[in-house]
There are 2 protein chains.
Amino acid sequence: MLITQEREDYLKIIYKLQQSESPVRTNSIARAMGIEPASVTGVIKKLSEIKLLDYRPYKGVTLTPAGEKVALEVIRHHRLIELYLVEALGYSWDEVHDEAEHLEHVVSDRFEDRIAEMLGHPELDPHGEPIPTKDGVIAETSTQALSSLSAGDRAVISRVEDEDGDLLRYLAQLNLRPGASVEVLSVEPYGGSIHVRVDGKSETVGQEAADGVFVDLE
Amino acid sequence: MLITQEREDYLKIIYKLQQSESPVRTNSIARAMGIEPASVTGVIKKLSEIKLLDYRPYKGVTLTPAGEKVALEVIRHHRLIELYLVEALGYSWDEVHDEAEHLEHVVSDRFEDRIAEMLGHPELDPHGEPIPTKDGVIAETSTQALSSLSAGDRAVISRVEDEDGDLLRYLAQLNLRPGASVEVLSVEPYGGSIHVRVDGKSETVGQEAADGVFVDLE
DNA sequence: CGGCAGAGTTAGTGTACCCTAATTCTGGTA
DNA sequence: TACCAGAATTAGGGTACACTAACTCTGCCG
């Protein structure tokens, strides 16, 4: 197999890192994959040989159109599966990530099509992330973090980054879910907590958690 | 990870081969895995090192209790998933095998529990094969092949081996499914076709197909 | 604009599987 | 019982990814 599960993971991670960093540096990939930078070099060389990445030594990598296609397929699988687990199997939003991480690499097109159909061809996963279409189109996503707001701002939560189950449970407890309206009451300076009103209740959100919550300002 | 997906496949295949051959020979494993015997030797050595197999060089292997446990878990996953695909996602019985082959290695305990519950803790998969319980108990299975019957025999189909989609489509067309009653009308000598009555209709079954259909005599 | 810290790459290992070719064992037969 | 065919193993090689240690490049700063 030319594209292994590991390589799919590399491409997926590079896609995500590319949102904020381009070209994507070896170190970022290593950190995101939880491996050593030296290990990354070999793999990105291989991926650039097979034309899924553009690789400029010492500079970083960029996905080629072919590489982006693979990445978006994996992301589509991941997000569809997350939603399916919630809707059809009763998972909660903090439980779906790890399961989807495994399933995303092995499901067939048929499986993908079936669950997409059963879910009514959804556009968002349980964390509010857009689901790429089958032909690789993905909606824009909000990039304004809750942590970047100021006192007085009103906004609607659009998406929550999903890798950390504990964090998600914490946010769920505060009712900070996609769709929720928040009003920023005050912000502690220099990366402290944020005080918000959600559902009429005042809550304090740690800065780290607020970094993973993205909003649309009103 | 000590137990890779490949190793799970080895154990699963050895479990199945053990039904008719014990100890299981290197060549049988190689044939079933579609690889060379030389490759098998190395892996079964490793599996015996980690106490999942008893290995007697030049003689063959036997599953240890620990190895059998792993094999039965994989088989449980496989069969539950096959049934789930049929019941919940509208797959037909000839489409489920390949999908299950991949999914069986990646689903979590939680996933297994959820689908088992949704399916009402079923005992048989779509091909009539028994589903091992969570603690590794598996029901006896019929070992009498349709191809071994004689004219005049009446029997009920209990299970159909499932690896080959074409074969399953062929059998489905003849209504040879688990639960169906068959009466043997005549048998061509020396491994020829078998003529049976199913659902009141006369059908001719090729010998190779009949080898994979197992029955309970009345 | 030289030098240094940190980023990145190379070199050398190890594990997991796979292959082919060569060798050795086993079991049945002449 | 000696031999041979077929089964199994060893030997040697390849790919895919990991690692650590050593070296090199880049970019920034004084």
Side-chain angles (χ1 to χ4, degrees), chain A residues 1-14 17-18 20-63 66-67 70-71 74 101-102 104-106, chain B residues 1-14 17-18 20-63 66-67 70-71 74 101-102 104-106:
Chain A
M1 181 73 78
L2 224 55
I3 305 189
T4 63
Q5 299 195 184
E6 260 100 16
R7 289 177 179 188
E8 288 184 351
D9 274 333
Y10 275 89
L11 294 170
K12 182 181 65 169
I13 277 167
I14 290 165
L17 292 171
Q18 232 175 23
S20 53
E21 177 190 28
S22 183
V24 178
R25 330 217 79 229
T26 302
N27 259 2
S28 310
I29 300 170
R31 216 174 313 117
M33 297 276 301
I35 63 178
E36 295 303 316
S39 310
V40 171
T41 303
V43 176
I44 62 184
K45 273 184 177 170
K46 254 287 146 47
L47 287 172
S48 84
E49 262 172 39
I50 61 178
K51 301 283 193 305
L52 296 174
L53 290 181
D54 285 326
Y55 171 43
R56 297 181 48 223
Y58 296 101
K59 296 299 166 56
V61 294
T62 311
L63 289 169
V70 174
V74 176
E101 204 68 26
H102 291 110
E104 64 187 8
H105 304 293
V106 301
Chain B
M1 181 73 78
L2 224 56
I3 304 190
T4 63
Q5 299 195 184
E6 261 99 16
R7 289 176 179 188
E8 287 184 351
D9 274 332
Y10 273 89
L11 295 170
K12 182 181 64 169
I13 277 168
I14 290 165
L17 292 171
Q18 231 173 22
S20 52
E21 179 190 27
S22 183
V24 178
R25 330 215 80 230
T26 302
N27 260 1
S28 312
I29 300 169
R31 216 174 313 117
M33 295 278 299
I35 63 178
E36 296 302 316
S39 310
V40 172
T41 303
V43 176
I44 62 183
K45 272 182 177 171
K46 254 291 146 50
L47 286 172
S48 85
E49 261 173 41
I50 61 178
K51 299 284 192 308
L52 296 173
L53 291 180
D54 284 327
Y55 171 42
R56 299 181 46 223
Y58 296 101
K59 296 300 166 55
V61 296
T62 311
L63 290 169
V70 174
V74 176
E101 204 68 26
H102 292 110
E104 65 188 8
H105 304 294
V106 301

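What you see is a predicted model; the values in this text were computed from it and never measured. Letters A, B, ... are given to chains in the order of the sequence lines, protein chains preceding strands, and every chain is numbered from 1.
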Task: 4.5 Å side-chain heavy-atom contact, A:Ile50 and A:Arg7 - done: yes
Task: Length of the line joining A:Glu8:CD and D:dC17:P, which is rounded to integer Å - done: 11 Å
Open item on the list: By nearest atom, which of the nucleotides C:dC18, D:dA18, C:dG8 is closest to the B:Glu6 side chain?
Closed with: C:dC18
Task: B:Ile14 side chain reached by B:Leu53 side chain, heavy atoms, under 4.5 Å - done: yes
TODO: Answer whether the closest heavy-atom distance between the side chains of A:Pro37 and A:Thr26 falls below 4.5 Å.
DONE: yes
Open item on the list: Which heavy atom of B:Glu36 sits nearest to which heavy atom of B:Ala30, and what is that distance?
Closed with: C-CB, 3.9 Å
- [ ] Compare side-chain N and O positions of B:Asn27 against OP1 and OP2 of D:dA8 and report whether any pair is under 4.0 Å apart.
- [x] yes
TODO: Any chance you could measure B:Gln18, atom CD, to B:Ile13, atom CD1, to the nearest 0.5 Å?
DONE: 13.0 Å
- [ ] Assign each of B:Gln5 and A:Tyr58 to its nearest nucleotide of DNA chain C by heavy atoms, then name whichever residue's nucleotide is nearer the 5' end.
- [x] A:Tyr58
Open item on the list: Return the CD1 to OH distance between B:Ile35 and B:Tyr10, rounded to the nearest 0.5 Å.
Closed with: 3.0 Å
Task: Those residues of residues 38-46 of chain A lying under 4.0 Å from DNA chain D by at least one heavy atom - done: A:Ala38, A:Ser39, A:Lys46
Task: A:Val106 vs B:His105 side-chain heavy atoms within contact, under 4.5 Å - done: no
- [ ] Let me know the distance between OH of A:Tyr10 and P of D:dA18, rounded to the nearest Å.
- [x] 4 Å
Open item on the list: From CE of A:Met33 over to C1' of D:dC17, roughly how many Å is that when rounded to an integer?
Closed with: 10 Å
Task: Length of the CD-C1' vector between B:Glu49 and C:dA16, whole Å - done: 12 Å
Open item on the list: Using the rule given for salt bridge (charged side-chain N to carboxylate O under 4.0 Å, His left out), can you reason through B:Glu101 versus B:Lys12, listing the C-alpha separation, both sets of side-chain angles and the distance that settles it, and then say yes or no?
Closed with: CA-CA 11 Å; B:Glu101 204 68 26; B:Lys12 182 181 64 169; 2.4 Å; yes
- [ ] Using five base pairs at each end, measure the axis-to-axis angle across the helix from C:dC1-D:dG30 to C:dA30-D:dT1 and round it to 10 degrees.
- [x] 30°
TODO: May I have the distance from A:Arg25 (atom CZ) to D:dG27 (atom P), rounded to whole angstrom?
DONE: 8 Å
- [ ] In whole angstrom, give the distance that lies between atom CD1 of A:Ile35 and atom P of D:dA16.
- [x] 15 Å
Task: Between D:dA8 (P) and B:Ile29 (CD1): distance, integer Å - done: 9 Å
Task: Nearest-angstrom distance from the residue atom CZ of A:Arg31 to C1' of C:dG6 - done: 12 Å
- [ ] Looking only at side-chain atoms of A:Arg7, point me to the closest of D:dA16, C:dG27, C:dC18.
- [x] D:dA16
TODO: Determine the minimum heavy-atom distance between B:Ala32 and B:Leu17, stating which atoms define it.
DONE: CB-CD1, 4.4 Å
